[in-house]
Amino acid sequence: MSLSKIKHIVLVLSGKGGVGKSSVTTQLALSLSLAGHSVGVLDVDLTGPSIPRMFAIEDAKVTQAPGGWLPITVHDADPTSGLGSLRVMSLGFLLPGRGDAVVWRGPKKTAMVRQFLSDVFWEELDYLLIDTPPGTSDEHISLAETLLQKARPDQVAGAVIVTTPQAVATADVRKELNFCTKTGIRILGVVENMCGFVCPNCSECTNIFGSGGGEVMADDFNVKFLGRVPIDQQFIVLVETGKRPRYPEGTVINGQDISAAAKEAEAEEAKRDTAQLVLKYKDCSLAPIFKTITADVVSAVEQGGA
């Protein structure tokens, strides 16, 4: 069975589109890998599969094996540096082009989700992160039902809920929390994404969308608030161009000066841009934030399995 070698399955959910589920999934995966865990990412957002682009592997081709597919390798494990392996699977790898639309009715979406959960040959994984589409409809119901049928009782660790601070977002995300309650999916915590904007030209971080909505929602549902994540243009540059994040001198996020990389020589910086995505991500202002979020998620998963 496809899921038999996976220790923990974590869903990344939100009832609202555009809140950054794929961004959060990507950074959770990178942070888990940096912590030494073997990680897989399954992208079941069938109409907007963005995980291949997030990991800069859009041109990768899935290998067909007898009875299923082999996931794409982002990087292998490196025991000497404590780096865990990272592999991903997405419908995006099966489409001819980035702009191709998937025009499917509900039954075909349901069949595709079930196929992803049964026909992808994962190796031994500590964590499988499942990036989901917005809403609480076909894909979510199919996902919950299939996991209930195919996964071991202790295998589905729970869900990380993603929202932005505005009331218009949290109103929709509350429906996702209710969905988890009705389907018996444990909530590991809430991430408030896009809470602040890190200016690329100065050291300011401005709350352009407000702040605190996700924390209030978490308190209302009596679930853990995992933290706030600002918008960082350097993370976008890293994903889009592969360039290592660089910040103006004096840029401080969460009390930490992250501008050290900007002080390096030009030649050395160019050389460092050839490194793996996961290593370049370590210089991103969001990396220490997600290190803390990831540690809390791992702790919640382990406590739940105890």
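For the single chain, residues carry numbers from 1 onward in sequence order.
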| field | Side chain Thr26, main chain Ser22, donor-acceptor under 3.5 Å | value |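 Present.
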| field | Nearest atoms (heavy-atom pairs only) where Leu86 meets Ala29 | value |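 Where Leu86 meets Ala29 most closely, the heavy atoms are CD1-CB, 4.0 Å.
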| request: Please lay out, stage by stage, how Lys7 and Glu124 fare under the test salt bridge (charged side-chain N to carboxylate O under 4.0 Å, His left out). | output: CA-CA 8 Å; Lys7 291 182 182 178; Glu124 298 280 351; over 6 Å; no
| Where at least one partner belongs to residues 13-26, residue pairs that pass salt bridge (charged side-chain N to carboxylate O under 4.0 Å, His left out), sequence neighbours excluded |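 Applying salt bridge (charged side-chain N to carboxylate O under 4.0 Å, His left out) to every pair that reaches into residues 13-26, excluding sequence neighbours, yields Lys16-Asp172.
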| Between Thr164 and Cys195, does a side chain to side chain contact (heavy atoms under 4.5 Å, CB included) hold up when you go through it step by step? | CA-CA 7 Å; Thr164 50; Cys195 183; over 6 Å; no
| If every non-hydrogen atom of Phe235 is compared with every non-hydrogen atom of Cys284, which pair is closest and at what distance? |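 In this case the closest contact between Phe235 and Cys284 is CB-SG, 3.8 Å.
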| field | Donor-acceptor contact below 3.5 Å, side chain Gln64 vs main chain Gly68 | value |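 Yes: the side chain of Gln64 pairs with the backbone of Gly68.
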| message | A side-chain contact here means heavy atoms from C-beta on lying under 4.5 Å apart; do Leu42 and Trp122 qualify? | response |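 A side-chain contact under 4.5 Å exists here.
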| Are Thr163 and Met217 side-chain neighbours, meaning at least one heavy-atom pair lies under 4.5 Å? |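 The answer is yes; the side chains approach within 4.5 Å.
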| Nearest heavy atoms of Arg152 and Leu3, plus distance in Å |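 Closest pair (atom of Arg152, atom of Leu3, distance): NH1-O, 4.3 Å.
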| Listed partners of Trp69 passing ring pair (Phe, Tyr, Trp, His ring centres under 6.0 Å), at least two apart |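 Testing Trp69 for ring pair (Phe, Tyr, Trp, His ring centres under 6.0 Å), a comparison that skips the adjacent residues, returns Phe116.
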| query | Say you draw a straight line from CD of Glu176 to CD1 of Ile185; how long is it, rounded to the nearest 0.5 Å? | reply |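 It comes to 8.0 Å.
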| said: My understanding is that only residues two or more places apart in sequence, or in another chain, count here; which of them pass side-chain hydrogen bond (donor to acceptor under 3.5 Å, both in side chains) with Ser31? | reply: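 Ser31 satisfies side-chain hydrogen bond (donor to acceptor under 3.5 Å, both in side chains) with no residue once adjacent residues are dropped.
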| query | By side-chain hydrogen bond (donor to acceptor under 3.5 Å, both in side chains), which residues pair with Ser90, not counting sequence neighbours? | reply |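 Counting only residues at least two positions away or on another chain, Ser90 forms a side-chain hydrogen bond (donor to acceptor under 3.5 Å, both in side chains) with Asp43.
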| said: Tell me if a side-chain donor or acceptor on Glu192 pairs with a main-chain N or O of Gly213 at a distance below 3.5 Å. | reply: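 Judged by distance alone, yes, a pair lies under 3.5 Å.
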| field | Partner residues of Thr132 under the side-chain hydrogen bond (donor to acceptor under 3.5 Å, both in side chains) criterion, sequence neighbours left out | value |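 Not a single residue meets the side-chain hydrogen bond (donor to acceptor under 3.5 Å, both in side chains) criterion with Thr132.
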| query | How many angstroms lie between NZ in Lys282 and CZ in Arg244, if you round to the nearest 0.5 Å? | reply |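 Here the interatomic distance stands at 8.5 Å.
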| field | Nearest heavy atoms of Ala157 and Leu188, plus distance in Å | value |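 So the two residues come closest at O-CD2, 3.6 Å.
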| query | Is the backbone of Ile161 close enough, under 3.5 Å, to the side chain of Ser14 for a donor and an acceptor to pair up by distance? | reply |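 It does not hold such a pair.
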| request: Say whether Leu70 and Ile130 are linked into one hydrophobic cluster, either directly or through other cluster members, by side-chain heavy-atom distances under 4.5 angstrom. | output: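 No, Leu70 and Ile130 fall in different hydrophobic clusters.
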| Same hydrophobic cluster for Phe121 and Ile9, using side-chain heavy-atom links shorter than 4.5 Å among ILVMFWY? |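 No, because Phe121 and Ile9 fall into different hydrophobic clusters, even though each may have its own neighbours under 4.5 Å.
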| Distance (rounded to the nearest 0.5 Å) between Glu145 CD and Gln149 CD |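 Going from the CD atom of Glu145 to the CD atom of Gln149 covers 6.5 Å.
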| message | Using every non-hydrogen atom in the two residues, find where Ile72 and Ala60 come nearest and quote the distance to one decimal. | response |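 Distance-wise, the nearest heavy atoms are CG2-CB, 3.7 Å.
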| Pairs where residues 73-88 contributes a residue and the test salt bridge (charged side-chain N to carboxylate O under 4.0 Å, His left out) is met, not counting sequence neighbours |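 Output for this query lists Asp76-Arg87, Arg87-Glu123.
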| task | Check step by step if side-chain hydrogen bond (donor to acceptor under 3.5 Å, both in side chains) holds for Thr170 and Gln166. | result | CA-CA 6 Å; Thr170 57; Gln166 313 98 305; over 6 Å; no
| query | What do the steps show when you test Val88 against Phe93 for side chain to side chain contact (heavy atoms under 4.5 Å, CB included), and what is the final call? | reply | CA-CA 10 Å; Val88 302; Phe93 296 127; 3.7 Å; yes
| query | CG/Leu238 to CZ/Arg246 distance, rounded to the nearest 0.5 angstrom? | reply |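 Between atom CG of Leu238 and atom CZ of Arg246 there are 10.0 Å.
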| field | With sequence neighbours excluded, residues passing ring pair (Phe, Tyr, Trp, His ring centres under 6.0 Å) with His75 | value |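 Partners of His75 by the ring pair (Phe, Tyr, Trp, His ring centres under 6.0 Å) criterion come out as none, since no residue qualifies.
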| query | Asn193 side chain to Val162 main-chain N or O, any donor-acceptor pair under 3.5 Å? | reply |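 Side chain of Asn193 to backbone of Val162, a donor-acceptor pair under 3.5 Å: no, none is there.
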| message | Please list all pairs meeting ring pair (Phe, Tyr, Trp, His ring centres under 6.0 Å) that have one or both residues in residues 139-164, counting only residues at least two apart or in different chains. | response |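 Checked against ring pair (Phe, Tyr, Trp, His ring centres under 6.0 Å) - neighbours excluded - the pairs reaching residues 139-164 are His140-Phe179.
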| said: Within the 4.5 Å heavy-atom criterion, are Val297 and Val160 side-chain neighbours or not? | reply: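 Touching, per the 4.5 Å side-chain cut-off.
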| What residues form a salt bridge (Lys or Arg N to Asp or Glu O under 4.0 Å) with Asp220, not counting sequence neighbours? |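 Residues passing salt bridge (Lys or Arg N to Asp or Glu O under 4.0 Å) with Asp220: Arg174.
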| request: For residues Leu32 and Leu129, determine if any side-chain heavy atom of one lies less than 4.5 Å from a side-chain heavy atom of the other. | output: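 They are in contact (side-chain heavy atoms under 4.5 Å apart), so the answer is yes.
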| said: Is any side-chain heavy atom of Glu302 closer than 4.5 Å to one of Val298? | reply: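 They are in side-chain contact.
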| task | Might you work through the side chain to side chain contact (heavy atoms under 4.5 Å, CB included) test for Leu13 and Val173, ending with a clear yes or no? | result | CA-CA 9 Å; Leu13 301 172; Val173 178; over 6 Å; no
| message | Ignoring hydrogens, what is the shortest heavy-atom contact between Met194 and Pro165? Give both atom names and the distance. | response |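 That would be O-CD, 4.0 Å.
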| query | Do Val237 and Ile289 share a hydrophobic cluster (ILVMFWY, side-chain heavy atoms under 4.5 Å, transitive)? | reply |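 In one cluster: no.
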| Got Val74 and Leu30 here, is their nearest side-chain heavy-atom distance under 4.5 Å? |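 Val74 does not reach Leu30 side chain to side chain.
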| field | side-chain hydrogen bond (donor to acceptor under 3.5 Å, both in side chains) partners of Gln27, counting only residues at least two apart | value |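 Gln27 satisfies side-chain hydrogen bond (donor to acceptor under 3.5 Å, both in side chains) with Ser23, Tyr281 once adjacent residues are dropped.
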| said: If the condition is ring pair (Phe, Tyr, Trp, His ring centres under 6.0 Å), which residues does Phe290 pass it with, not counting sequence neighbours? | reply: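 By the ring pair (Phe, Tyr, Trp, His ring centres under 6.0 Å) rule, Phe290 matches no residue at all.
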| Looking at CG of Leu279 and CG of Leu34, how far apart are the two atoms once the value is rounded to the nearest 0.5 Å? |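 Here the rounded value is 7.0 Å.
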| Same cluster (ILVMFWY, side-chain, under 4.5 Å), Val216 and Val190 |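 No.
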| What's the spacing between Asp296 CG and Thr292 OG1 if we round to 0.5 Å? |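 Rounded to the nearest 0.5 Å, the CG-OG1 separation comes to 7.0 Å.
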| request: Sorted by first residue and then second, give each salt bridge (charged side-chain N to carboxylate O under 4.0 Å, His left out) pair with at least one member in residues 206-215; sequence neighbours left out. | output: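 Every pair satisfying salt bridge (charged side-chain N to carboxylate O under 4.0 Å, His left out) with a residue in residues 206-215: Glu215-Arg228.
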| task | Determine, using the 4.5 Å side-chain heavy-atom cutoff (strictly less than), whether Phe55 and Ile236 are members of one ILVMFWY cluster. | result |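 No, Phe55 does not connect to Ile236 through the hydrophobic network.
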| request: Kindly indicate whether the side chain of Asp45, heavy atoms from C-beta on, has any atom under 4.5 Å from the side chain of Leu91. | output: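 Asp45 vs Leu91: side chains apart.
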| Hey, are the side chains of Val301 and Tyr127 touching, using non-hydrogen atoms and a 4.5 Å cut-off? |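 A side-chain contact exists here, since the closest heavy-atom pair is under 4.5 Å.
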| query | Would His8 and Asp126 satisfy side chain to side chain contact (heavy atoms under 4.5 Å, CB included), going step by step from the backbone distance to the final call? | reply | CA-CA 6 Å; His8 306 294; Asp126 294 322; 5.5 Å; no
